[in-house]
Amino acid sequence: MIGNHGGMSGGKAERLGSLVATLLAYSQPRALREIVVTVEGYPPNYEAARVQFDRDLRDEGIDIEMSGQGEDARYRIDPASYYLPDLDLTDDEAVALNLAASRVRLDGHDPDEALLKLGMFGAEGPALVALPSDPRLSQLYAALRQRALVRFTYGEVERDVEPWGVLCRDGFWYVAGLDRTRGDRRNFRVDRIEGDVRLGERDAYAVPDDFVLSKALPVEPYELAPNDPVDVDVWLDAVMAPRAAGDVLERNDDGSVVVRLRVASMPGLRSWLFGMRDHARVVAPATVVDDVKAWLRSIVEAGA
């Protein structure tokens, strides 16, 4: 029996926070047997503890210094690679940051780990907002830190992506960047990634100067989806013409317009059209026209 497992009820978040703090405190790499005695939450069996330790490192995307192999392996975290640069916060700003970490949390994660990166510790009190979590977020954030390419399957296509930023909008996480497979800037909803996220080598790309994360995601529902976008032409009457998005293909004497939208989500397009009521009509391509007609017929039949 090797583990100090009296605190296993504390949960994964507490175990990971303690693990990171312990590995940062070591001036020299330490053996796994030493680590799990210090960190509560690991099983007493050595092999089970090793499997859990490896999973923790992988799930959190933690950069580890490692020397040796097998049971002789030694581990530590280099503080220089872990801590964020000094933000030169005032006392009031540090208190505000601590308060924010205490009130807005990622489901299943300890806010103290984020504060630890800033050289602070001690988020307290109940969370007022809990953001959704996803096991692949840690890998994506690790890739951001390392400027490493990521590979994952999305829309049944294996993608090689430069992750330029990760953000949460409307309850979903997105990674924005360059999809090298398609040769275009794309946004990917993290919960729709199929399987694991795999990291490539470090320093593989640079984020363009014109990239602004807050503006990376489009705002219309038909633009956010796992599919490759298609061009859809939509007629808008004079009432809705001033709100026209996309490229205007024609302007008519009655004030109506025909616009071309880049549609990646048919359900999103249907929702958008429903909000337009009789002020909008899909005119091309024929496959999308037929899809919308079938959807409208299903609504009529369901209400009959």
Does the [X] side chain pair with the main chain of [Y], one donor and one acceptor, at a distance under 3.5 Å?
X: Y154; Y: R189; value: yes
X: Y205; Y: P163; value: yes
X: R136; Y: I193; value: yes
X: T181; Y: D160; value: yes
X: Q52; Y: A49; value: no
X: N252; Y: G255; value: no
X: R180; Y: L178; value: no

Joint hydrophobic cluster, V248 plus V234, side-chain heavy atoms closer than 4.5 Å: yes
Yes or no on salt bridge (Lys or Arg N to Asp or Glu O under 4.0 Å) for E194 and R159, after CA distance, side-chain angles and deciding distance? CA-CA 11 Å; E194 300 154 23; R159 318 274 183 149; over 6 Å; no
Neighbour count above 12 (heavy atom, 6.0 Å) for R198 CZ: yes
Is the positively charged end of R33 above the ring of Y46, judged by distance under 6.0 angstrom from the centroid and angle within 45° of the axis? yes
Would you mind reporting whether [Y] and [X] have side-chain heavy atoms less than 4.5 Å apart?
X: L137; Y: V190; answer: yes
X: D233; Y: V259; answer: no
X: P208; Y: R185; answer: yes
X: V232; Y: V282; answer: yes

Working for salt bridge (Lys or Arg N to Asp or Glu O under 4.0 Å), residues D247 and R262: CA-CA 9 Å; D247 298 326; R262 295 287 284 168; over 6 Å; no
